[in-house]
Amino acid sequence: MEKIKMTTPLVEMDGDEMTRILWKIIKDELLLPFIDLKTEYYDLGLEYRNETDDKVTFESAYATKKYGVAVKCATITPNGARMSEYNLKEMWKSPNGTIRAILDGTVFRTPITVKGIEPCVRNWTKPITIARHAYGDVYKASEMKIPGPGKCELVYTAEDGTEVRELIHDFTGAGVIQGQHNLDSSIGSFARSCFNYALDTRQDLWFATKDTISKKYDHTFKDIFQEIYDVEYDAKFKEAGIEYFYTLIDDAVARVMKAEGGFIWACKNYDGDVMSDMVSSAFGSLAMMTSVLVSPEGYYEYEAAHGTVQRHYYKHLKGEETSTNSVATIFAWTGALRKRGELDGLGDLCRFADKLEQACLGTIESGKMTKDLALITTIENPTVLNSQEFIKAIRQALEEIL
């Protein structure tokens with residue numbers, strides 16, 4: 001068959017460890033034989049990020065602004081152990097955090113549901129989408145270790161030199177301190193992205209913070225959401241027959257556990273990080289979760305919601321067989337290809353993305369799957385495939401569909 005043509009490149013961000021290995025196999029087996037693939041490539045592997053003083057991460061984000069659609073492999077956010085392991089110049093920041101700050105979008109994460117993998121929460125009959133604010137809070141925090149007694153204050157110095165001070169704590173001994181921030185403009189972008197996504201998907205939108213305790217920080221989130229909703233979206237939501245409501249984060253957790261799903265749950269940055277892992281794991285597997293960063297300006301960055309699968313990578317380096325689930329990484333590619341096709345008016349590219357997803361789910365439903373799914377499936381006598389065998393099984397199913 002003739003390869004499907006592309007007119008505009010995708011921004012391709014390569015990554016680390018086992019997901020980097022899968023990235024190449026996915027391209028070789030599932031993409032390049034069928035698509036005349038056009039990408040602008042950026043190596044976000046930790047070695048090259050270190051070599052370029054992390055400039056490559058910034059360049060990849062600016063390229064996403066240029067072309068509109070990116071697909072990203074999982075990457076390492078280094079800690080002390082990684083500093084030694086990779087001989088890093090410094091402890092580089094999260095590439096996801098850097099990219100999200102530049103694009104100023106919202107991360108939407110939705111479980112990939114498939115027959116034979118049932119949610120742990122029995123009443124969850126529809127997917128729950130987590131909308132995660134992609135700027136600020138603990139991911140942009142400044143921290144300090146306090147060595148001994150002393151006073152710590154928040155100080156705001158206005159442009160005219162006037163100061164406002166707020167006591168944080170009067171230390172009588174050693175401790176730690178952290179300063180977080182956010183921006184009204186970013187919170188507004190978060191709110192509009194959530195409201196627009198709810199309208200696009202015709203789903204109810206929940207938003208939750210802890211404004212009863214954080215009467216200025218979290219309350220600002222609540223107020224901005226409500227102001228934008230009242231002025232810009234109230235009539236649109238009523239016309240679409242969907243609902244927006246605010247509740248406390250602890251109340252939202254209790255409600256979610258008793259809900260049937262089928263809604264969007266908007267969370268602040270850290271809450272969204274935690275809750276998306278909880279939701280994906282409860283639906284079956286961290287490797288069965290789509291993730292897309294949506295910017296109000298119309299930029300899209302697709303990625304897997306999980307990490308670099310470090311344990312499997314070390315086994316791979318020893319020459320041992322791995323059975324690593326590549327579904328979320330494949331769906332990152334299909335999401336990006338579909339969006340590229342939509343923006344460029346390429347129906348064949350959109351249809352290919354649909355068929356590749358169909359082949360993924362069909363392979364699992366036929367009983368062929370990786371070990372993580374075989375341990376939780378309700379399908380009797382599943383066939384456990386290794387990492388490469390699973391992707392090749394998907395290719396066979398894709399060729400049959402095509």
Side-chain angles (χ1 to χ4, degrees), residues 96 100 105-134 190-210 221-222 225 229 233 237 240-294 300-307 325 327-332 334-335 357 360-361 364 372-373 376-378:
N96 288 340
R100 289 168 190 161
T106 298
V107 179
F108 295 92
R109 290 182 170 174
T110 308
I112 300 164
T113 54
V114 59
K115 292 176 185 174
I117 309 296
E118 310 304 330
C120 297
V121 182
R122 288 173 294 179
N123 45 282
W124 286 0
T125 58
K126 302 172 187 175
I128 296 168
T129 298
I130 299 290
R132 175 185 171 188
H133 188 206
F190 174 38
R192 289 186 177 91
S193 292
C194 291
F195 291 135
N196 288 334
Y197 199 83
L199 287 168
D200 288 344
T201 58
R202 290 190 174 268
Q203 295 183 90
D204 290 347
L205 174 67
W206 301 12
F207 179 49
T209 70
K210 194 67 173 176
F221 277 80
K222 176 186 177 182
F225 260 74
Y229 176 77
Y233 291 95
F237 267 55
I242 58 176
E243 180 186 9
Y244 165 68
F245 78 92
Y246 172 86
T247 188
L248 294 171
I249 186 68
D250 42 338
D251 179 55
V253 171
R255 285 174 180 251
V256 163
M257 296 308 295
K258 295 179 180 179
E260 66 174 9
F263 56 87
I264 301 163
W265 180 10
C267 297
K268 288 170 57 192
N269 208 345
Y270 178 74
D271 294 342
D273 193 358
V274 174
M275 295 307 171
S276 65
D277 278 9
M278 183 273 288
V279 167
S280 62
S281 183
F283 267 96
S285 169
L286 286 171
M288 299 289 287
M289 190 89 163
T290 65
S291 181
V292 56
L293 176 72
V294 181
Y300 298 83
E301 184 239 329
Y302 295 81
E303 61 178 336
H306 57 73
N325 190 334
V327 171
T329 304
I330 294 169
F331 271 62
T334 57
E357 291 181 2
C360 280
L361 301 182
I364 296 168
D372 62 315
L373 299 183
I376 60 174
T377 186
T378 55

A side-chain contact here means heavy atoms from C-beta on lying under 4.5 Å apart; do [X] and [Y] qualify?
X      : Y      : answer
Arg100 : Val107 : yes
Val114 : Met288 : yes
Phe237 : Glu243 : no
Val294 : Phe108 : yes
Tyr197 : Ile264 : yes
Val253 : Met275 : yes
Ile364 : Val327 : yes
Tyr244 : Asp204 : no

Query raised in the report: Taking only residues two or more places apart in sequence or in another chain, which ones pass salt bridge (Lys or Arg N to Asp or Glu O under 4.0 Å) with Asp251?
Result: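 For Asp251 the salt bridge (Lys or Arg N to Asp or Glu O under 4.0 Å) partners, ignoring immediate neighbours, are Arg255.
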**Report entry** Contacts of Asp273 that satisfy salt bridge (Lys or Arg N to Asp or Glu O under 4.0 Å) - sequence neighbours left out
**Finding:**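 In terms of salt bridge (Lys or Arg N to Asp or Glu O under 4.0 Å), with neighbours along the sequence ignored, Asp273 is linked to Arg132.
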**Report entry** Rounded distance (nearest 0.5 Å) linking atom CD of Glu118 with atom OG1 of Thr378
**Finding:**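 Here the interatomic distance stands at 4.5 Å.
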Requested in this report: Working to the nearest 0.5 Å, report the span between CE of Met289 and CD1 of Ile112.
Outcome: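 Rounded to the nearest 0.5 Å, the CE-CD1 separation comes out at 9.0 Å.
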So, for [X] and [Y], which heavy atoms are closest and what is the spacing to 0.1 Å?
X      : Y      : answer
Cys194 : Thr106 : SG-CG2, 4.2 Å
Ala328 : Ala304 : CB-CB, 3.8 Å
Gly335 : Glu357 : N-OE2, 4.4 Å

Query - Polar side-chain atom of Trp124 near backbone of Val256 as donor-acceptor pair, under 3.5 Å - result: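 Side chain of Trp124 to backbone of Val256, a donor-acceptor pair under 3.5 Å: yes, one is there.
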**Report entry** Backbone of Ser276 reached by a side-chain donor or acceptor of Ser280 within 3.5 Å
**Finding:**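 A pair under 3.5 Å: yes.
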Query - Donor-acceptor side-chain pairing of Thr290 and Tyr302 below 3.5 angstrom - result: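 The answer is no; no qualifying pair exists.
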Query raised in the report: Does NZ or CZ of Lys268 lie under 6.0 Å from the centre of the six-membered ring of Phe221, at an angle within 45° of the ring axis?
Result: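 Pair Lys268/Phe221 counts as cation-pi.
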Query raised in the report: What residue among Tyr246, Phe245, Phe225 forms ring-ring contact (aromatic ring centres under 6.0 Å, His included) with Trp206?
Result: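 Testing Trp206 for a ring-ring contact (aromatic ring centres under 6.0 Å, His included) against Tyr246, Phe245, Phe225 leaves exactly one candidate, Phe245.
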